[in-house]
Amino acid sequence: MVDAELRQEFLVSGTIDFVAQQWLAKLKNADAKKPAREIYCGRGFRESEASSLALSCPLYVVSAGLGIVNADMLVPVYDLSAVSSDGDSALCKVDGNKSPKLWWSKIITENSFGSSLTNILNKHPNELILFALSRCYLNLLQDELLLCPQPQQARLRFFGKNLYSALPSFLTDNWMPYDDRLDGIGQGFSGTQSDFAQRALRHFVSKILSESKDSNKHRHSSMVLNSLSSITKREIPKRQRLDEKEISKVIQDNWVKGKGQSSLLLRIIRDELNIACEQSRFKKIYHSVRNTIGEAS
């Protein structure tokens, strides 16, 4: 259960410094209840966990509330993001500059739970560092990536659809060029767009690194493209677009069928009803519906 104080709604609006200091103060008083790996859920995280186990290496979580956290570390249970369009975002409480990068720079200091990317890179000076991230979370790390020394740059690999366009120019070749053909490779590598980066990571770990762990980024990129070369991209279905009010009604109408679970309801909306709804948008509408149903019950 989420700590009662560790929610965006309990933050008082103000400058980004003011809001971040409130959050850090709440973390100091919070109880570390569970290992991070027991808090984060969903297929994406489990894919990353499987890759970590296969390599016998540490798994870290990029957390908008805690910084970079070792998956085995005891952490408090919280509900906060740093995506400006997300209803649970701390940035909704910020007056003025709502930069996710600036938020990140504030919360990785004086934080007993998380760390900065710089510290993680220094802690693992000789290993490959594999990033499976969405563009939103990559954006949190932008300033630290810009400061990454050249000797460390060669050790980084990035996974995520078209993520190269969000990377600093000197790191674009470190992006591994997976695309929708990943779904056609088989052996359990197909899935949703929300877990694409983590599925690509698992394929890389199991099929590429197993053959060429010490290769450079160009060789790794070439091996990825070769593994996809015989696959034809699957046709992406054209889904109906609805406004928020209409999607809210669809969620309510299917609440019982979806057992009130966001993951099941999203699958019903996309796969059964053929309605387009991006995950962060769905999350916002879902929480609104859940609150409405809770008040009515």
Side-chain angles (χ1 to χ4, degrees), residues 32-78 113-134 136-138 140-141 152 154-161 163 174-179 181-217 219-221 223-224 226-228 231 261 263 267 279:
K33 297 178 179 179
K34 295 182 178 181
R37 69 172 69 249
E38 293 184 15
I39 294 174
Y40 298 97
C41 57
R43 179 176 173 180
F45 184 80
R46 298 306 163 207
E47 293 281 10
S48 295
E49 194 172 47
S51 297
S52 169
L53 290 171
L55 293 174
S56 298
C57 71
L59 173 62
Y60 292 93
V61 178
V62 179
S63 163
L66 304 177
I68 298 182
V69 181
N70 188 299
D72 293 319
M73 185 175 189
L74 293 177
V75 297
V77 183
Y78 70 95
F113 297 107
S115 177
S116 66
L117 174 60
T118 301
N119 287 342
I120 298 300
L121 293 177
N122 290 336
K123 187 176 181 178
H124 302 282
N126 301 311
E127 295 94 346
L128 281 177
I129 309 292
L130 310 178
F131 297 81
L133 296 169
S134 66
C136 292
Y137 278 83
L138 179 64
L140 293 174
L141 306 179
Q152 291 184 334
R155 301 187 293 113
L156 311 184
R157 302 288 184 272
F158 296 89
F159 303 86
K161 188 175 293 184
L163 207 62
N174 297 66
W175 172 72
M176 297 295 99
Y178 285 95
D179 56 38
R181 287 175 291 178
L182 177 65
D183 288 317
I185 289 180
Q187 301 178 40
F189 292 112
S190 60
T192 66
Q193 294 301 306
S194 62
D195 55 37
F196 178 89
Q198 293 78 18
R199 290 186 289 115
L201 167 67
R202 186 165 64 82
H203 180 269
F204 183 81
V205 166
S206 61
K207 303 300 181 181
I208 307 297
L209 279 190
S210 60
E211 298 179 12
S212 186
K213 187 173 183 179
D214 297 324
S215 293
N216 63 31
K217 59 188 177 184
R219 173 60 178 158
H220 280 157
S221 179
M223 293 176 73
V224 168
N226 185 60
S227 70
L228 298 174
I231 308 297
Q261 298 178 17
S263 58
R267 293 267 56 84
Q279 189 169 22

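All of these numbers come straight from a predicted model, not from anything done at the bench.
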Kindly indicate whether the side chain of [X], heavy atoms from C-beta on, has any atom under 4.5 Å from the side chain of [Y].
X      : Y      : result
Val61  : Ile39  : no
Phe45  : Gln198 : no
Met223 : Arg219 : yes
Leu130 : Leu209 : yes
Lys207 : Ser227 : no
Leu201 : Arg157 : no
Met176 : Ser221 : yes

Checking the side chain of [X] only, and the main-chain atoms of [Y] only, is there a donor and an acceptor separated by less than 3.5 Å?
X      : Y      : value
Ser210 : Ser206 : yes
Ser52  : Cys57  : yes
Arg155 : Pro125 : yes
Tyr178 : Phe204 : yes
Asp195 : Thr192 : yes

Legend entry - Mutual orientation of the aromatic rings belonging to Phe131 and Phe158 [parallel < 30°, tilted 30-60°, perpendicular > 60°]: parallel
Mind checking the [atom1]-[atom2] spacing from [X] to [Y]? Nearest 0.5 Å is all I need.
X      : Y      : atom1 : atom2 : answer
Leu156 : Leu121 : CG    : CG    : 6.0 Å
Leu182 : Ser190 : CG    : OG    : 8.5 Å
Ser115 : Asn122 : OG    : CG    : 9.0 Å
Phe159 : His203 : CZ    : NE2   : 11.0 Å
Leu74  : Lys34  : CG    : NZ    : 11.5 Å

Inset, instruction - Might you point out which heavy atoms bring Ala36 and Val75 nearest each other, and give the distance in Å? - result: CA-CG2, 3.9 Å
Inset, instruction - Could you tell me which non-hydrogen atom of Leu66 sits nearest to which non-hydrogen atom of Pro76, and how far apart they are? - result: CD2-CG, 4.5 Å
Legend entry - Candidates Leu163, Val224, Leu228 - the one meeting side-chain contact (heavy atoms from CB on, under 4.5 Å) with Pro177: Val224
Inset, instruction - Keeping to residues at least two apart or across chains, list the side-chain hydrogen bond (donor to acceptor under 3.5 Å, both in side chains) pairs with something in residues 124-133. - result: Tyr60-His124
Inset, instruction - Kindly indicate, with the supporting measurements, whether the criterion side chain to side chain contact (heavy atoms under 4.5 Å, CB included) is fulfilled by Leu141 and Leu133. - result: CA-CA 10 Å; Leu141 306 179; Leu133 296 169; 3.8 Å; yes
Inset, instruction - Before giving the answer on side chain to side chain contact (heavy atoms under 4.5 Å, CB included), spell out for His220 and Leu128 the whole-Å C-alpha distance, their side-chain angles and the decisive distance to 0.1 Å. - result: CA-CA 12 Å; His220 280 157; Leu128 281 177; 4.2 Å; yes
Legend entry - Of all pairs that satisfy salt bridge (Lys or Arg N to Asp or Glu O under 4.0 Å), the ones with a partner from residues 50-77, not counting sequence neighbours: Arg37-Asp72
Legend entry - Check ion pair Arg43-Glu47 (N to O, under 4.0 angstrom): yes
Inset, instruction - Quick one: do Asp183 and Arg199 satisfy side chain to side chain contact (heavy atoms under 4.5 Å, CB included)? Show the steps, please. - result: CA-CA 9 Å; Asp183 288 317; Arg199 290 186 289 115; 2.9 Å; yes
Inset, instruction - Given side chain to side chain contact (heavy atoms under 4.5 Å, CB included), test Tyr78 with Ser63 step by step and report yes or no. - result: CA-CA 10 Å; Tyr78 70 95; Ser63 163; 2.4 Å; yes
